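Step one of this worksheet: look at the structure below.
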Amino acid sequence: MEYDFKKIEQDWQKKWKDAKAYAVSNDSARPKYYVLDMFPYPSGAGLHVGHPLGYIASDIYSRYKRLKGFNVLHPMGFDSFGLPAEQYALETGQHPATTTEKNIATFKSQLDKIGFCYDWDREVKTSDPEFYKWTQWLFLKLFNSYFCNTQQKARPIDDLIKKYATQGAKDFTAQQWNAFSKKEQADILMKRRLAFSAYGEVNWCEALGTVLANDEVVNGVSERGGYPVEKKKMRQWFLRITAYADRLLDGLEKVDFSESMKEMQRNWIGKSEGAEIDFDLTPNPSPSGEGSSALKLKVYTTRPDTIFGADFMVVAPEHEIVSQITSAAQKEEIEKYLSYVKSRSERERLAEAKTITGCFTGAYAINPFDKREIPIWIAEYVLAGYGTGAIMAVPCGDQRDFAFAKHFKIPITNIIGSHYNGEEANPTKEAVLENSGFLNGLLMKDAIGVAVNKIEALGIGKRKVNYRMRDAGFSRQRYWGEPFPIVWKNEVAIPLDEKDLPLELPHVDKYGPGPNGEGPLANLTDWVDLTPNPSPKERGAKDPAPYGYINSTAEEWKKTLQFAKQNRKDATAAEDIIWQEIRNRNIAGFKFRRQHPIAGYIPDFVCLEKKLIIEIDGGYHNEAEQAAFDKAREQWLAEQGFTMIRFTNDAVNNSSKAVLKDIEQALLNKETVSETEGSNPPLPWRGVGGEVRRETSTMPGYAGSSWYFLRYMDPHNDKTFCDRKVSDYWNQVDLYIGGTEHAVGHLLYSRMWTKVMYDLGMIGFDEPYKKLLNQGMIQGSSRFVYKVVELFSKDSNWPLVNYNAPSLFISTGYYKSLEENIEKNRLKENDEIFSLIKNAIKKSDLPDIIILDAKIVESHVDVNIVNGLELNIDKFKTDWKNGEYANAEFILEDGKYICGVETEKMSKSKYNTVDPTDLCEKYGADTFRMYEMFLGPVEASKPWDTKGIEGVHRFLRKLWRLFFDDIKRKIWNEEKANDAELKILHRTIKKIEEDTERFSFNTAVSTFMICVNDLADIKCHKKEILEKLLILLAPYAPHISEELYQQLNSLQVSPTGGDLEGASVLDATYPVFDGRYLVETSKEYPISVNGKLRTNINISLDAGPEEVEKIVLANEVIQKWLDGKPPKKVIFVKGKMVNVVL
RNA sequence: GCCCAGAUGGCGGAAUUGGUAGACGCAGCAGACUCAAAAUCUGCCGUUCGCAAGGAUGUGCAGGUUCGAUUCCUGUUCUGGGCACCA
């Protein structure tokens, strides 16, 4: 029987699905194990071979754990909010919800083809309202909590409010607190909330009217369009992650992450201990001034011991003190510098470390100890956000300060004697201080404490622990993210009630930015503005209207909508007659809406395009009260540009034709208004207050991913984000697999959220991930072709040939030599490439002219039409770029077109992506899974190369042939296995188990190969051996293992499904290793002389040192090396080796 | 500039604790089977000297520790990844 992987894989994927083989219960007697992958962003490009690397590893481990008797949770979902979908929407007009849904479907079908054991019933999607309802809910928890410094944990903000109201705080008494206005109280509380709002700087691009990410800014201008970008302060949301800095550091001790990963997080948090020192300033911006001004400059330093070496101060350009201290003389310079800095992104300020820039303010600080006047500079290398935004620069001890001093010719004070050589700074702490007043003679590291003590004693500074980490910016001026459940009322943030969640992301038609740098949501004025209607009185109406037609609050607006709905149901006969006629654009092609609220009013029919309202009036409109209301309403609507025509019920009942004629005439008489204007008539309260607005920014990508691992546990719970009993059962993620690119962002945020949830008693653990395994990045291997575009002659600068059709491509070897030759200016008429090009382009006038230069364009070509390095020319002609090069000509090497290669990031635009689905089609999922693992260690990054996949496929076929012969016969037997066979089996069991446990999947695959090779060599077809091998293999190649296991045991579950319990290899009993089969009595010892292997001798393992030495020295090869002399020493490591030292 | 990781045949990689360097696979070469192809099987396969036996050499480079180093130490070069110039 052939190994028909297609049929086997299709069948089993269906059977497993039907039997719900991967359904996971939250209730099991077995021990739990939670394996999690970092969920993907469902990009439009679909899955490429880089994605599944980690997924296959986690799948193997999950299946292995299941065989070992664990209840394994191994879910998958999608991180489906994000910028790319929004960008795509901006370009194509397709709604992100639509494209995202489509992309997810593609991803899922691609994942399913690889045969993962996900329980899809637990799928989560961060953009699903059912999911982000809880993201918003958790945000409210963060908003309603503060970090208690005494208890070092999050507590409900209500506790703090209670405390303020009863005991007050450092800055105010309880009495004062209670007297504060709501706004004053809110502002104080905002400074403590874990999710808080404050002003933060963003990259603002005026021309695009939008906020840009750091990497969208290049050289101070926008990446797209090249418009100027500057910093702008905007209200933003933040998470107070800095409060958790110490606990995030401490937590690293108890998790199993790689050391480098922990190191990265430590560096990010960047805890440092130092001191804040207040420096007095000279009153006048000149060194001759005396006394001190009231202003002080607060600097942060980790090296207070070097204070006597502070030759200048550097203040961040954004620092507020700059404008206050700048001298008149320096004002112009400073302003010039400030505008330069404003145009620089933080990333640029970081990247160009070599350029030294700065500007003197004209002001001087005073060294508190020796009263030396220290010039104050501003420079972009000091950031406002870190420490105090100001440093004391010690050029002899800090390389950056040194470079700055040299560049601006600031004299350098040496405080470390011979440790400073004048050539470069020396950041040592081991030198003895000189020129340092009261610190003279002290070792620097001892002086730190002495200096701080003195500073504190003088009251000019204090010890201070600082963190490099800043609070996490949590808002984005974008559309495709979770809306904030926040309403702003008179500048106070009011959280939505929990029962109003989810606050669904409203639909928009346009994805461009809103006004004033706000996100697209700001364009939805109806959605944003919740300012209550003015009361009828405020509006000038004489009497309150009946039937709630005029509303005063948002709550009443809701009622209006309900009213409209009810009105539609309760339509009069006359209304129905008209509706039948005008619906579906039946009257002159115009669209009418029925009972459509316009602000607080509900007209019977309205055509928004024409701003035409039709009222069909009953008798009560004659009553005085109603008539007054009608009048007021008509007047306001007229102000908004609406025309109203009225008909009585009777008129309609008597002659609907005439009524319709009138309506048509009215439509034609009026001008059409633009769609936006028409569909969004301004509400009556617009401009009256504008005080109650929804938050229009959305949450960033990491919001959902900060807690998604909990939702998998209890994905359908509509009472809470995750039931406590359930999270107690599943507890931490035992194994988390993902890339290093999330080392700091995602991992730190989700660790913080977990700690908050733990503090608030919502879950029972404060670290989300017990063990983290980093998968390496699979890079793309790009292929290039080289097209001749222009050739230049010796005598002219003009192109001799503008070579376009037919296109000419030259093979890489020629391209390389051509490049080289042109560089050396020695391309000769008799060069091979010259005549080749000549022949190819068949230009008769060419021979007289020496080609001096050629313009050859390198371009990507799809890796999938290249075999190794050889371009498939036929496919290139037919498939590439829609046949653009059908008539192309090629200059070949040895009859082949060899492509250029480069390793780059895998990306659709580089045509270097390989679709796993294609490989699964061609070789099967089992082959694909094993090949990805066989490629190398999971942690290692490597370029993708499909070349070796054949070898793995051959291995599976060879396995198949242990069970079936060429003519489809089963060839396994029930014979008892002999020692040799058992030895192979148990050696394999041991190695596979060890390798799987240590995630060394590549060596496990080669172990399987060795095992199958060995069994084939000795023609072993015994069920006793083969069955156990299949169970070992099942996590790696589940389909073939299941098929053969079923055949071997004649199980065959019905294709329509049913219970697989006990009948599937998925739940077989994992073979138990028995060391007895591997016991050896002797070993082929390697015998070295002076560490160099000379021979092997088979010696009993029982043999002791003396016996071994005797045997070895008697050996003729060793005798030869000894040359009659006795050895100096014989080293014997039992069971390992022997080394004879001469 | 700073931090982290890595460097082994033509290629991907193995060597788990300092103990036979190159497992396993790809590619290549030679052969068997076949009319032929595919598939399969067998052998060879770091470099170099040698007919061979055997020797020399070899894990980025230069040193060191050791009876013995891909593994440990020092320095160095290059490659990849990260970064918020963090005082």
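Atom set for the values below is all heavy atoms of this structure, side chains included, hydrogens, waters and symmetry mates excluded. In this text the structure is predicted, and so the values were computed from the model without any measurement. Each chain gets a letter, A, B and so on, in the order its sequence line appears, and its residues count up from 1.
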**Report entry** Residue A:Arg957, side-chain heavy atoms: nucleotide from B:A39, B:C85, B:C41 that is nearest
**Finding:** B:A39
Query - A:Asp246 and A:Lys271 ion-paired at < 4.0 Å - result: yes
Report summary line: When rounded to whole Å, the CG to P distance for the pair A:Leu53 and B:G13 reads 12 Å
**Report entry** Nearest listed nucleotide, side chain of A:Thr302, among B:A87, B:C26, B:U42
**Finding:** B:A87
Report summary line: Among the nucleotides B:G12, B:A87, B:A84, whichever has the atom closest to the side chain of A:Trp268 is B:A84
Query raised in the report: Please give, in whole Å, the distance from B:C41 P to A:Phe955 CZ?
Result: 13 Å
Query raised in the report: Should we count NZ of A:Lys771 as having more than 12 external heavy atoms under 6.0 Å?
Result: yes
Requested in this report: Would you please say whether a donor-acceptor pair under 3.5 Å links the side chains of A:Ser1088 and A:Asn1139?
Outcome: no
Query raised in the report: For atom P, what is the distance between B:G81 and B:C72, given to the nearest Å?
Result: 25 Å
Query - Inter-nucleotide C1' distance (B:A15, B:A21), Å rounded - result: 7 Å
Give each protein N/O atom lying under 3.5 Å from an N/O atom of nucleotides 2-7 of chain B, with the pair distance.
{"from": "B:C3", "atom 1": "O2'", "to": "A:Asn267", "atom 2": "ND2", "distance (Å)": "2.8"}

Requested in this report: Identify whether any heavy atom of A:Met392 sits under 4.0 Å from a base atom; if not, whether one sits that close to sugar-phosphate; answer base, sugar-phosphate or nothing.
Outcome: nothing
Query - Pair assignment for B:C44, Watson-Crick or G-U wobble, requiring both distances under 3.5 Å - result: B:G28
Query - Residue A:Arg468, side-chain atoms from C-beta onward, closest of B:C26, B:A87, B:C83 - result: B:C83
Query raised in the report: Taking atom types as modelled, is there a side-chain donor on A:Glu380 or A:Tyr337 under 3.5 Å from an acceptor on the other?
Result: no
Report task. Indicate whether any N or O donor in one side chain lies under 3.5 Å from an N or O acceptor in the other, for A:Thr413 and A:Asp311. Result -> yes
**Report entry** Whole-Å P distance, B:A52 and B:G63
**Finding:** 33 Å
Query raised in the report: Checking all strands, does A:Arg266 fall into the base, sugar-phosphate, or nothing category for heavy-atom contacts under 4.0 angstrom?
Result: nothing
Query raised in the report: Just how far, in rounded Å, is P of B:U40 from CG of A:Asp1017?
Result: 15 Å
Query - Rounded distance in Å between the C1' positions of B:G82 and B:U70 - result: 27 Å
Query raised in the report: So, are A:Lys991 and A:Glu994 salt-bridged, with charged N and O less than 4.0 Å apart?
Result: no
Report task. Considering only atom P, compute the distance from B:G13 to B:G18 and round it to an integer number of Å. Result -> 23 Å
Report task. Take the angle between the ring planes of A:Tyr1036 and A:Phe1008 and call it parallel below 30°, perpendicular above 60°, tilted in between. Result -> perpendicular
Query raised in the report: Quick one: do A:Asp398 and A:Arg303 make a salt bridge, cutoff under 4.0 Å?
Result: no
Query raised in the report: Between A:Trp1121 and B:G55, is there a side-chain N or O to OP1/OP2 distance below 4.0 Å?
Result: yes
**Report entry** Lys/Arg-Asp/Glu bridge criterion (N-O < 4.0 Å) met for A:Lys922, A:Glu950
**Finding:** no
Report task. Send over the distance from A:Arg470 CZ to B:A84 P, rounded to a whole Å. Result -> 8 Å
Query raised in the report: Watson-Crick or G-U wobble partner for B:G58, using a 3.5 Å limit on both distances?
Result: none
Report task. Taking atom P in both B:A14 and B:G64, compute the distance separating them and give it to the nearest angstrom. Result -> 30 Å
Query raised in the report: At under 4.0 Å between heavy atoms, what does A:Lys1128 touch on the DNA or RNA strands: base, sugar-phosphate, or nothing?
Result: nothing
Requested in this report: Specify the separation, in whole Å, of atom CD of A:Glu1109 and atom C1' of B:C67.
Outcome: 13 Å
Query raised in the report: In whole angstrom, what separates A:His746's NE2 from B:G82's C1'?
Result: 17 Å
Requested in this report: Specify the separation, in whole Å, of atom OH of A:Tyr467 and atom P of B:C83.
Outcome: 23 Å
Requested in this report: If B:U71 has a Watson-Crick or G-U wobble mate with both distances under 3.5 Å, name it; if not, just say none.
Outcome: none
Query raised in the report: Parallel, tilted or perpendicular for A:Tyr931 and A:Trp944, by the 30°/60° rule?
Result: perpendicular
Requested in this report: List in chain and number order the residues that pass side chain to side chain contact (heavy atoms under 4.5 Å, CB included) with A:Asp4, two or more places apart in sequence or in another chain; answer none if no residue qualifies.
Outcome: A:Lys6, A:Lys7
Query raised in the report: Relative to the 5' end of RNA chain B, which residue comes earlier, A:Ile949 or A:Arg961, by the nucleotide with the nearest heavy atom?
Result: A:Ile949
Query raised in the report: If we take the C1' atom in both B:G22 and B:G58, what is their distance in whole Å?
Result: 11 Å
Requested in this report: Measure from OH on A:Tyr300 to P on B:A87 and round the result to the nearest Å.
Outcome: 8 Å
Requested in this report: Do nucleotides 14-25 of chain B as a string where each nucleotide becomes B, S or -: B if the base has a protein heavy atom under 4.0 Å, S if just the sugar-phosphate does, - if no protein is that close.
Outcome: SSB--BB--BBS
Query - Under 3.5 Å on both distances, the Watson-Crick or G-U partner of B:G80 - result: B:C4
Report task. Please work out whether B:G80 sits syn or anti, treating a glycosidic angle within 90° of 0 as syn. Result -> anti
Query raised in the report: When the P atoms of B:G55 and B:G6 are considered, how many whole Å apart are they?
Result: 36 Å
**Report entry** A:Trp377 and A:Phe404 aromatic ring geometry - parallel, tilted or perpendicular at 30°/60° bounds
**Finding:** perpendicular
